[in-house]
Enquirer: 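Below is the structure I would like to discuss, written out as structure tokens.
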Amino acid sequence: MTWDELGSGARELAEAVWDDGYRPDMVLAIARGGLLVAGALSYALDVKNTYTMNVEFYTGVDERLPVPMILPPVPDLIDLDEARILIADDVADTGETLATVHEFCAGKVAEVRSAVLYEKPRSAVKCEYVWRRTSRWIDFPWSVEAPVSESGSAPTPAL
């Protein structure tokens with residue numbers, strides 16, 4: 001995936017949400033991969049109420065923990081029983097991360113739908129809004145390079 005494809009993919013997702021008549025009150029980003037998607041969706045849909053959930057599952061290329069883990073801080077979904085939530089992530093691979101977030105929201109909000117750039121056939125959660133479907137591994141532009149601390153190109157701190 002390229003940075004340009006992120007922009008066009010997120011815009012197409014937003015148009016699909018809008019054309020479907022869904023009007024979310026909040027966009028919930030699954031960090032880290034869903035942060036950019038959620039930001040683009042929130043602007044395109046004019047939804048200023050955004051939340052973030054940190055869910056750790058992937059530890060490397062196609063390497064996962066046994067189950068997804070919600071990391072603090074955990075959003076406080078109080079007084080949102082009438083809210084419509086749009087969960088945003090970069091990919092629904094196994095779908096276990098999305099399932100964990102759906103379960104977290106269950107009974108706390110009125111409705112939850114999901115939007116992802118990519119959905120794989122094996123995903124346990126079938127998302128309402130998908131830009132592309134694939135069974136291949138996706139290299140995202142924000143995670144394809146090693147962190148600067150590992151690549152040796154970290155800036156030298158000023159004294």
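What you see below is based on every heavy atom in this structure, not just the backbone, and it leaves out hydrogens, waters and symmetry mates.
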Enquirer: Taking atom CD as the centre, does E5 end up with more than 12 heavy-atom neighbours from other residues, nucleotides or ligands that are less than 6.0 angstrom away?
Expert: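 Yes, enclosed.
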
Enquirer: Report the distance from atom CD of E96 to atom CD of E103, rounding to the nearest 0.5 Å.
Expert: 10.0 Å

Enquirer: Are the side chain of K120 and the backbone N or O of T94 linked by a donor-acceptor pair below 3.5 Å?
Expert: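 Answer holds: no.
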
Enquirer: Can any side-chain N or O of Y22 pair as donor or acceptor with the backbone N or O of I85 at less than 3.5 Å?
Expert: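 Yes, Y22 side chain to I85 backbone: donor-acceptor pair under 3.5 Å.
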
Enquirer: For a quick test of reading the model, state the closest non-hydrogen atom pair linking V27 to A88 and the distance between them.
Expert: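 What the structure gives for the nearest pair is CG1-CB, 4.2 Å.
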
Enquirer: Find the distance between SG (C105) and CE (M53) and round it off to the nearest 0.5 Å.
Expert: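 Output value for this atom pair is 6.5 Å.
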
Enquirer: Tabulate below the donor-acceptor pairs under 3.5 Å that side-chain atoms of residues 42-50 make, not counting sequence neighbours, or state none.
Expert:
residue	atom	partner	partner atom	Å
S42	OG	A38	O	3.3
S42	OG	G39	O	2.9

Enquirer: Check whether M1 and L35 end up in the same hydrophobic cluster, where Ile, Leu, Val, Met, Phe, Trp and Tyr are linked by side-chain heavy atoms less than 4.5 Å apart.
Expert: no

Enquirer: For a quick test of reading the model, state the closest non-hydrogen atom pair linking R132 to V130 and the distance between them.
Expert: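 Shortest heavy-atom separation between R132 and V130 comes out as O-CG1, 3.2 Å.
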
Enquirer: Testing L41, I87, L13 one by one against Y129 for a side-chain contact (heavy atoms from CB on, under 4.5 Å), which residue passes?
Expert: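 One option only clears the test, and that one is L13.
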
Enquirer: Is there side-chain contact between S114 and H102, with at least one heavy-atom pair below 4.5 Å?
Expert: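 Yes, side chains in contact.
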
Enquirer: Write down the atom of C127, the atom of L98, and the distance for their closest heavy-atom approach.
Expert: SG-CD1, 3.5 Å

Enquirer: Evaluate the side-chain proximity of R136 to Y118: yes if any heavy-atom separation is below 4.5 Å, no if none is.
Expert: no

Enquirer: Does D79 have more than 12 heavy atoms from other residues, nucleotides or ligands lying within 6.0 Å of its CG?
Expert: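 Counting other residues, nucleotides and ligands, CG of D79 stays at 12 neighbours or fewer.
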
Enquirer: Using every non-hydrogen atom in the two residues, find where L86 and P24 come nearest and quote the distance to one decimal.
Expert: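 Taking every non-hydrogen atom into account, CB-CB, 3.8 Å.
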
Enquirer: Out of curiosity, W142 CH2 to L6 CG, how far, rounded to the nearest 0.5 Å?
Expert: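 Spacing of CH2 (W142) from CG (L6) equals 5.0 Å.
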
Enquirer: Can you name the side chain to side chain donor-acceptor pair (under 3.5 Å) partners of D25, sequence neighbours left out?
Expert: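 Side chain to side chain donor-acceptor pair (under 3.5 Å) list for D25, sorted by chain: R84.
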
Enquirer: Going by the rule ring pair (Phe, Tyr, Trp, His ring centres under 6.0 Å), which residues pair with W18 if we only count those two or more places apart in sequence or in a different chain?
Expert: none

Enquirer: According to a hydrophobic-cluster definition based on side-chain heavy atoms being under 4.5 Å apart (Ile, Leu, Val, Met, Phe, Trp, Tyr only), do V144 and L117 belong together?
Expert: no

Enquirer: T100 and side-chain contact (heavy atoms from CB on, under 4.5 Å): which single residue from I70, I30, V125 fits?
Expert: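 Result: among I70, I30, V125, I70 is the only option passing the side-chain contact (heavy atoms from CB on, under 4.5 Å) with T100.
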
Enquirer: Please report the shortest heavy-atom distance between R113 and D20, naming the atom on each side.
Expert: NH1-OD2, 2.8 Å

